Every structure is written in structure tokens, then in C-alpha cells.
Enquirer: 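Before I ask anything, let me first share the structure, which is written out below as C-alpha cells.
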2 protein chains.
Amino acid sequence: MSRSNPRVLSTLERAGGFASAQEVYKLMQREGEKIGLTTVYRSLQSLVNDKIVDVLRRDDGEAIYRLCGENHHHHLVCKSCGETVEIEGVAIEKWAKAMAAEHGFRDVGHTAEIFGLCSKC
Amino acid sequence: MSRSNPRVLSTLERAGGFASAQEVYKLMQREGEKIGLTTVYRSLQSLVNDKIVDVLRRDDGEAIYRLCGENHHHHLVCKSCGETVEIEGVAIEKWAKAMAAEHGFRDVGHTAEIFGLCSKC
DNA sequence: ATGGAAATGATAATCATTTTCATTTGTGGT
DNA sequence: ACCACAAATGAAAATGATTATCATTTCCAT
Ligand SMILES: [Mn+2]
Ligand SMILES: [Mn+2]
Ligand SMILES: [Zn+2]
Ligand SMILES: [Zn+2]
């Protein structure tokens with residue numbers, strides 16, 4: 001495994017919201033940064049692995065990345081326009097713990113996403 | 001636009017759960033059905049359009065389809081041995097609806113998985 | 001300086017999905 | 001039956017993101 005190239009993270013920060021690997025790459029090129037597409041992919045994957053960035057998918061399937069808040073949260077995503085709301089999951093946390101306990105599981109993590117149509121769509 | 005080939009829907013029903021276009025296609029071939037991959041894609045898209053089928057994406061980006069309204073469940077998976085328990089998610093259902101309402105989302109679906117170590121591992 | 005490990009990036013390979021387009025099939029009128 | 005025309009079909013090629021290879025470069029500890 002490789003470590004994340006700091007310039008990739010810096011570019012993603014500057015990008016503001018979500019950006020795909022291809023977009024981050026093009027951005028860096030426009031700004032004169034010398035970097036390979038492969039390294040951009042590797043760095044973003046590494047950042048996701050370290051839970052420093054979130055990854056989701058556009059409707060067309062392209063993966064998009066964005067800086068993640070430091071606390072654990074879940075997502076409410078619009079299927080149509082991609083608008084994303086980070087939501088709290090107190091109920092989910094309890095549910096996950098209860099289910100794990102009930103079936104004798106330990107060291108559990110969980111994933112939970114809600115998707116639908118936002119008010120604008 | 002084209003209409004959905006009924007054999008595709010029938011196959012997706014028989015698959016029971018999620019299945020990708022490629023999987024539906026292979027399933028039909030194995031069962032001796034004569035159909036083209038293109039028609040499978042077109043039919044699934046049409047079914048999604050008509051809200052007869054839900055579509056979401058696997059981690060690897062492949063689109064997976066399932067019948068709408070099919071009573072879904074969630075999974076508790078052991079990271080070590082792979083043992084899987086199907087669990088109820090009443091708390092999750094409520095949480096998803098509440099979050100959606102709070103943020104003005106409609107027609108929402110959700111995914112939720114719990115993973116950890118089972119009692120044997 | 002030197003050797004090995006890690007990082008890099010150009011290139012090729014993968015693979016799901018979409019596009020083309022020629023052919024087949026269905027339908028309705030005569 | 002015959003014809004005209006629209007819809008459906010599917011083989012083949014194109015697309016495009018992501019991943020795998022692998023030779024080269026950069027780091028780093030000794
Ligand atoms: Mn997030
Ligand atoms: Mn549920
Ligand atoms: Zn929206
Ligand atoms: Zn186990």
C-alpha cells in the first residue's frame with residue numbers, strides 16, 4: 001500500500017465540495033502540478049481508507065470524493081442531483097450495538113446510507 | 001424508449017434480492033433463454049424508470065437492481081469467517097423515514113450493514 | 001555513497017455500460 | 001395475404017472510469 005500524496009488532499013480541499021479522481025487530476029494539471037493520474041487514484045483511495053475523505057457515487061457510477069468531518073456520520077443523498085446531507089445516527093448506533101449484542105458479535109462497525117429525491121428534484 | 005422485456009423482470013424476481021445486469025444476463029443464458037445483453041440493460045432501465053425496480057450501486061460501482069417493495073432486510077456479517085445473519089431493522093426504517101422527512105427528501109430507500117466478529121471468531 | 005524499499009507515472013488491460021445500426025418482429029390497414 | 005411502418009432486438013464497436021503492470025525515480029537508513 002502507498003501513502004497519500006499531500007498535494008492531492010490539498011487540491012481536494014481547494015475544490016470545495018465533491019470531486020472525482022478525474023476532476024482532481026485535471027485541476028492539478030491546470031494549476032501546473034506535475035502528477036500522474038495513477039497517483040491521484042492511489043492517494044484518494046488511501047485517504048478513504050484512513051477515513052479522511054468520504055466517497056460516494058454519482059448516478060453515472062463515477063466515484064466522487066470529499067473531505068469528511070471528523071465525527072462518525074451517515075449520508076442522505078439525492079439520487080437525482082447528488083445533493084448530500086450529513087446526518088446524525090444516534091438511532092443507528094444503538095441499533096447496531098443492540099443487534100451485535102443480540103447475536104454475540106463484537107468489534108462491530110456499520111454502514112448506513114439513505115437515498116431518495118431532495119425537495120428541489 | 002422501449003418497453004421492458006417481461007422475461008427480464010421474471011428473472012430478477014427469481015433471483016430474489018439484488019442482481020446486476022450482467023448477472024441477470026448470465027442467469028438467463030444458463031437457463032437457456034435467448035436474449036441479448038443490450039435488451040437486459042434496456043429492460044432494467046425501463047423498470048427503474050417505471051419505479052418497479054430499485055437501483056443502487058455496489059462498492060465497485062456496478063449497478064444492482066431489485067424489485068421495489070420486496071421486504072428487505074439487513075445483514076450482520078462476520079469479517080473473519082463470513083457468517084451472515086439476516087436481521088430486522090425496524091429502528092432503521094423509522095430513522096430513515098425521520099431523517100428524510102426532516103430534510104424534505106421523498107421516495108427514499110436505504111442500505112445498512114453491520115460487520116464485526118462473530119462469537120466463534 | 002550504497003542498497004533496498006517505497007513512490008511514481010506512462011502504458012496497457014479490464015470491464016461495465018452505452019451507442020450504432022442492421023435485422024427481425026409485431027401491428028394495423030387494405 | 002400483402003404491404004407499410006414502427007417498435008424491439010442484439011451483435012459489434014465505442015466509451016470511459018478504474019485497475020494492473022512494470023520500469024524508473026525518489027527516499028532513507030546504514
Ligand atoms: Mn461524510
Ligand atoms: Mn431496512
Ligand atoms: Zn436533488
Ligand atoms: Zn466469524
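All chains are named by letter (A, B, ...) in the order of the sequence lines, taking the proteins before the strands, and each is independently numbered beginning at 1. What you see is a predicted model, and the numbers here were worked out from it, not measured in a lab.
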Enquirer: Does any part of the side chain of B:Gln45, heavy atoms only, come nearer than 4.5 Å to the side chain of B:Val48, both counted from C-beta?
Expert: no
Enquirer: Check whether any side-chain nitrogen or oxygen of A:Arg3 sits under 4.0 Å from OP1 or OP2 of C:dA6, and answer yes or no.
Expert: no
Enquirer: When you check every protein heavy atom under 4.0 Å of nucleotides 17-27 of chain C, what one-letter string (B, S, -) results, 5' to 3'?
Expert: BBB--------
Enquirer: If only side-chain N and O atoms count, and only distance matters, is there a donor-acceptor pair under 3.5 Å linking A:His74 with A:His110?
Expert: yes
Enquirer: Honestly curious: do A:Leu12 and A:Tyr41 fall in one hydrophobic cluster under the side-chain, below-4.5 Å linking rule?
Expert: yes
Enquirer: Can you tell me if A:Ser46 and A:Arg42 form a side-chain donor-acceptor pair at under 3.5 Å?
Expert: no
Enquirer: Are A:Asn5 and C:dA7 close enough that a side-chain N or O sits under 4.0 Å from OP1 or OP2?
Expert: no
Enquirer: Over how many whole Å does the gap from B:Glu33 atom CD to D:dT9 atom P extend?
Expert: 12 Å
Enquirer: CG of B:Asp59 versus P of D:dT18: gap in Å, rounded?
Expert: 13 Å
Enquirer: Check each of B:Thr11, B:Leu9, B:Leu37 against B:Val24 using the side chain to side chain contact (heavy atoms under 4.5 Å, CB included) test, and report the only one that passes.
Expert: B:Thr11
Enquirer: How many whole angstroms separate atom CD1 of B:Ile35 from atom P of D:dA8?
Expert: 13 Å
Enquirer: In whole Å, what is the span from the CG atom of B:Leu44 to the P atom of D:dT9?
Expert: 13 Å
Enquirer: Quickly work out the A:Tyr25 OH to D:dT19 P distance and round it to whole Å.
Expert: 17 Å
Enquirer: With sequence neighbours left out, write down each residue that passes side-chain hydrogen bond (donor to acceptor under 3.5 Å, both in side chains) with A:Glu102, or none if nothing qualifies.
Expert: none
